[in-house]
J.: 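My questions will all concern the structure given below.
These figures come from a predicted structure and were not determined experimentally. Letters A, B, ... mirror the listed sequences (proteins, then strands); counts begin at 1.
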2 protein chains.
Amino acid sequence: MNLPGLRGHNAALVLDLLRGAGGGGVGRLELAERTGLTPQAVSKIVARLRGEGLVAEAGRRASTGGKPQTLLRLVPGAGYAVGVQLERDALVAVLVDLTGVVIGERRAAVDFSDGVDSVVEVAVGAVSALVGTASAGVEAGAPRTGGCAHPFRPAERLPTALEGSAAAAGVLGVGLALPGPLDHASGVLHRVTGFPEWDGYPLREVLAERLGLPVAVDKDTNAAALGLALAGVAESFAYLHLGTGLGAGLVLGGGVYRGARTGAGEFGHQVVRMDGPLCECGARGCVEALCLAAVARGDLDEAARALGTAAGNLVALLDIDLVLLGGRTVGAAEELFVRGVGAVVAERARREGAGAAVGVRVAPGGERGVAEGAAQLVLAPLFGRASAAFPANRT
Amino acid sequence: MNLPGLRGHNAALVLDLLRGAGGGGVGRLELAERTGLTPQAVSKIVARLRGEGLVAEAGRRASTGGKPQTLLRLVPGAGYAVGVQLERDALVAVLVDLTGVVIGERRAAVDFSDGVDSVVEVAVGAVSALVGTASAGVEAGAPRTGGCAHPFRPAERLPTALEGSAAAAGVLGVGLALPGPLDHASGVLHRVTGFPEWDGYPLREVLAERLGLPVAVDKDTNAAALGLALAGVAESFAYLHLGTGLGAGLVLGGGVYRGARTGAGEFGHQVVRMDGPLCECGARGCVEALCLAAVARGDLDEAARALGTAAGNLVALLDIDLVLLGGRTVGAAEELFVRGVGAVVAERARREGAGAAVGVRVAPGGERGVAEGAAQLVLAPLFGRASAAFPANRT
DNA sequence: CTACTTTGGCAACGGTGTTGCCAAAGTGCA
DNA sequence: TGCACTTTGGCAACACCGTTGCCAAAGTAG
């Protein structure tokens, strides 16, 4: 790490604290204490960030007997990001500002069997429409933002039709959440079951080319987990998504854990019943197979018990104290699943005599959570929230 | 992070590269490339470290047409650490130098039922003896080391009988590896089954007081994993220890992953056969129970299959590509376990179409591995190898 | 012996966080 | 209303980090 690196690191630290505080604002002294820097250093950093238009004053705190603290906050309009959740039959895209607040949304039907080009076209259309929204919003609302220099956009390549307006609107990039295996670093899909045309397709590169914007891709569960992590639900937790399949996103120590090849969180085929019923993956006794079979025959209690068993394994293995449940199947019977999974996990924690209780809850954020998390794939690096323990990401 | 922090960070980067290279040595230019710093910055850092006695020149590389590179290496005698593996019936202590090479060993019989004080006494005796060895070795071998200022030892407290000689010998601290649950951060044991006296005992504090040296404690599997990580086996891997119980140590992204409360790696009670045979922990179908039962009836193939199933779960969940097996039970039939576990894991990787093969091997290091890893609990921080994603360790 | 390559230190520099100091802006009490 | 006190936060000088430009040292190649 060199001096520019140190500068960026500390700036990200400050920005992350401001982001975490939301609209309320944080005082300089609190920033100093929480970053470990001296108040004077924080003042300098804040002055720089104010000059770049990223940070602004947000009123004052009540005096405690002296000069009242000036509160600071992020400037929401200093940057935007688009998040796209692509499923096999639908696409959800959101536009969020620098603080992560959704300020635009587009939904569209897609069909993977229509071919790659068709789906890319729909995605480009949705993103373009949202970038237009950002452009309009900026022009109407925040006066100075369009004019100030955005420190994030190198803008090296030939401008596309979109790029001009995107840059003007301060759209920093596009995050794309996809089901199934892929490579986060290279942005290439793998083994899209049933759609061989998609296998190995360099989706990130193609979209970046078409949009003229940086594009980051990740698994949908990782995106959801990232969104939850930035929302501050916990330092470490697991997000379990039970929909048409079963997957997980792991947040360990504040960052999404993706493993060596973005494969971490492959939760559906955890074997919890050796020599059990055959799963479509070829193995026997996978949680996903047990869960979905139980759901299919209406036995939700048993589905929750299977899910709870696998969740308990995960909790014990990684020593985390929060499990968040999401996905359509969970959504259809939230209380039942929370109670069922919670019971198994709690029983196990009780037996192992662990101290703090492990929380099992429904993931906040609802249906848009994945798309919002996808947008955070773009914003997170600004706040020093790149993924934890993921060497391939260090490039 | 401030400037002294940056300085320390970069120094640790350089020291870690030198450690990784072993006695062979590394050139300044290679250090520059691998740290991302300029050659001049590396020169300055190396000059500081040479002044502190931590780094020395180690000959020259053959010329490539110009001035030959001066190779650099760690000075082994610049610091020592003691690693102690404490089991219920035995204690192994080793003295290692800064490069991790073992230069002394003590073994002793202990009995937990003799009480805490008795065991502490044995440990203190073994450590003291080894510190004496270091003292002697230093006086005989490396001439300047005793005299040079050790930057690691604040030496604030009242000197104990031992502390004088320990400081003189450059012993930086003691690492202690223990079976079962404990708190790495506070150094307190939990739930030592069958020995209630040990429960909640502040072992780290007591030992530190008695020895007058810093003491770090950790689970035995974590210590072993740390040793393997520093030996450079892989960036991410799992160490599975099958002895009288079954545990795991996880290394994710270069550092030991301990979770929120040092509980990560609780592998033995991963449920792989829901509603299976009752385990002594109260659950049903734990790997440990299945494995040990199979071993007890002589069916090692089945034990390996159960272990392989759980290992496969872990590999898929964390996306790692190396599993190392250790422990007495594995040692008794190494090839069988490697083949059995490897077959299950490979079969699963094949089904999931993963690219790179997952390696399953016997952990190198043998019986002393845990004690050596325990010593690295002291040395690792010097090389910037504090645990990954472990917030409680940031203090 | 000369020309060239490569290494690595010296000196000056820009920029980081830190320290010492003090103006600004409040409260509290006489 | 006025003075003392507290707290905030900027200004200026500073120490120290990595960087840049330069060049001596130490080899090879012909």
J.: Starting at atom CG of Leu13(A), determine the distance to atom P of dT16(C), rounded to an integer number of angstrom.
T.: 16 Å

J.: Keeping to residues at least two apart or across chains, list the side chain to side chain donor-acceptor pair (under 3.5 Å) pairs with something in residues 5-23 of chain B.
T.: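 Residue pairs passing side chain to side chain donor-acceptor pair (under 3.5 Å), neighbours aside: Asp16(B)-Arg19(B), Asp16(B)-Arg385(B).
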
J.: Using only atom types and a distance under 3.5 Å, with no angle test, would you say the side chain of Arg204(A) pairs donor to acceptor with the backbone of Ala185(A)?
T.: yes

J.: How about CD on Glu205(A), more than 12 heavy atoms from neighbouring residues, nucleotides or ligands closer than 6.0 Å, or not?
T.: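 Result for CD/Glu205(A): open.
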
J.: Quick one: on DNA chain D, does Arg28(A) or Leu3(B) contact a more 5' nucleotide (nearest heavy atom)?
T.: Arg28(A)

J.: Hey, which of Leu226(A), Leu15(A), Asp97(A), Leu98(A) is the one that makes side-chain contact (heavy atoms from CB on, under 4.5 Å) with Leu379(A)?
T.: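 Result: among Leu226(A), Leu15(A), Asp97(A), Leu98(A), Leu98(A) is the only option passing the side-chain contact (heavy atoms from CB on, under 4.5 Å) with Leu379(A).
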
J.: Take the protein atom CG of Leu6(A) and the nucleotide atom C1' of dG14(C), then report the distance between them rounded to whole Å.
T.: 14 Å

J.: Does a side-chain N or O from Asn10(B) land closer than 4.0 Å to OP1 or OP2 of dG18(D), or not?
T.: yes

J.: I want to check one thing: is the phosphate of dT28(D), taken as OP1 and OP2, less than 4.0 Å away from some side-chain N or O of Ser63(B)?
T.: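 For dT28(D), neither OP1 nor OP2 has a side-chain N or O of Ser63(B) closer than 4.0 Å.
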
J.: Please report the distance, rounded to the nearest Å, between CD in Glu30(A) and P in dT7(D).
T.: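 Taking CD of Glu30(A) and P of dT7(D), I get 17 Å after rounding.
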
J.: Decide yes or no, distance alone: a donor-acceptor N/O pair under 3.5 angstrom between the base of dC10(C) and the side-chain of Gln40(B).
T.: yes

J.: Could you tell me whether the phosphate oxygens of dT7(D), OP1 or OP2, come under 4.0 Å of any side-chain nitrogen or oxygen in Thr64(A)?
T.: no

J.: Write down the distance between CE (Met1(A)) and C1' (dG17(C)), rounded to a whole number of angstrom.
T.: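 Taking CE of Met1(A) and C1' of dG17(C), I get 14 Å after rounding.
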
J.: Which comes earlier along DNA chain C counting from the 5' end, the contact point of Lys44(A) or that of Gly65(A), where each point is its nearest nucleotide?
T.: Lys44(A)

J.: Nearest to the side chain of Thr38(B), which nucleotide is it out of dT16(C), dT20(D), dA12(D)?
T.: dT20(D)

J.: Can you identify which nucleotide, out of dC17(D), dA26(D), dA24(C), has its nearest atom closest to the Lys67(A) side chain?
T.: dA24(C)

J.: Find the distance His9(A):NE2 to dG17(C):C1' and express it as a whole number of Å.
T.: 13 Å

J.: For Glu57(A), does the CD atom sit with more than 12 other heavy atoms under 6.0 Å from it, leaving out its own atoms?
T.: yes

J.: Calculate the interatomic distance between Leu72(B) atom CG and dG8(C) atom C1'; express it in whole Å.
T.: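 Checked: the CG to C1' distance equals 11 Å.
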
J.: What's the CG-C1' distance between Leu31(B) and dG18(D), to the nearest Å?
T.: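 Distance, rounded to whole Å: 16 Å.
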
J.: Is there a donor-acceptor pair closer than 3.5 Å between any side-chain N or O of His184(A) and the backbone N or O of Arg261(A)?
T.: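 No.
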
J.: Nearest-Å distance, CG (Leu29(A)) to C1' (dG26(C))?
T.: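 So the two atoms are 15 Å apart, to the nearest Å.
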
J.: When you check the phosphate oxygens OP1 and OP2 of dT16(C), does a side-chain N or O of Asn2(B) lie under 4.0 Å from one of them?
T.: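 Answer no for this pair, as no side-chain N or O of Asn2(B) is under 4.0 Å from OP1 or OP2.
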
J.: What nucleic acid atoms does Arg61(A) come within less than 4.0 Å of, heavy atoms only: base, sugar-phosphate, or nothing?
T.: nothing

J.: Could you tell me whether the phosphate oxygens of dT7(C), OP1 or OP2, come under 4.0 Å of any side-chain nitrogen or oxygen in Thr70(B)?
T.: no

J.: For Gln69(B), report the nucleic acid contact type (base, sugar-phosphate, nothing); a contact means any heavy atom under 4.0 Å.
T.: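 It contacts sugar-phosphate atoms only.
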
J.: Please tell me which of the listed nucleotides, dT7(D), dG15(C), dT18(C), lies nearest to the side chain of Leu37(A)?
T.: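 The answer is dT18(C).
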
J.: Let's see if you can work this out: which of dG9(D), dG27(D), dG21(D) has an atom nearest to the side-chain heavy atoms of Ser43(A)?
T.: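 Ranking dG9(D), dG27(D), dG21(D) by closest atom to the Ser43(A) side chain puts dG9(D) first.
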
J.: Please determine if a side-chain N or O atom of Arg60(B) lies less than 4.0 Å away from the OP1 or OP2 oxygen of dG27(D).
T.: yes

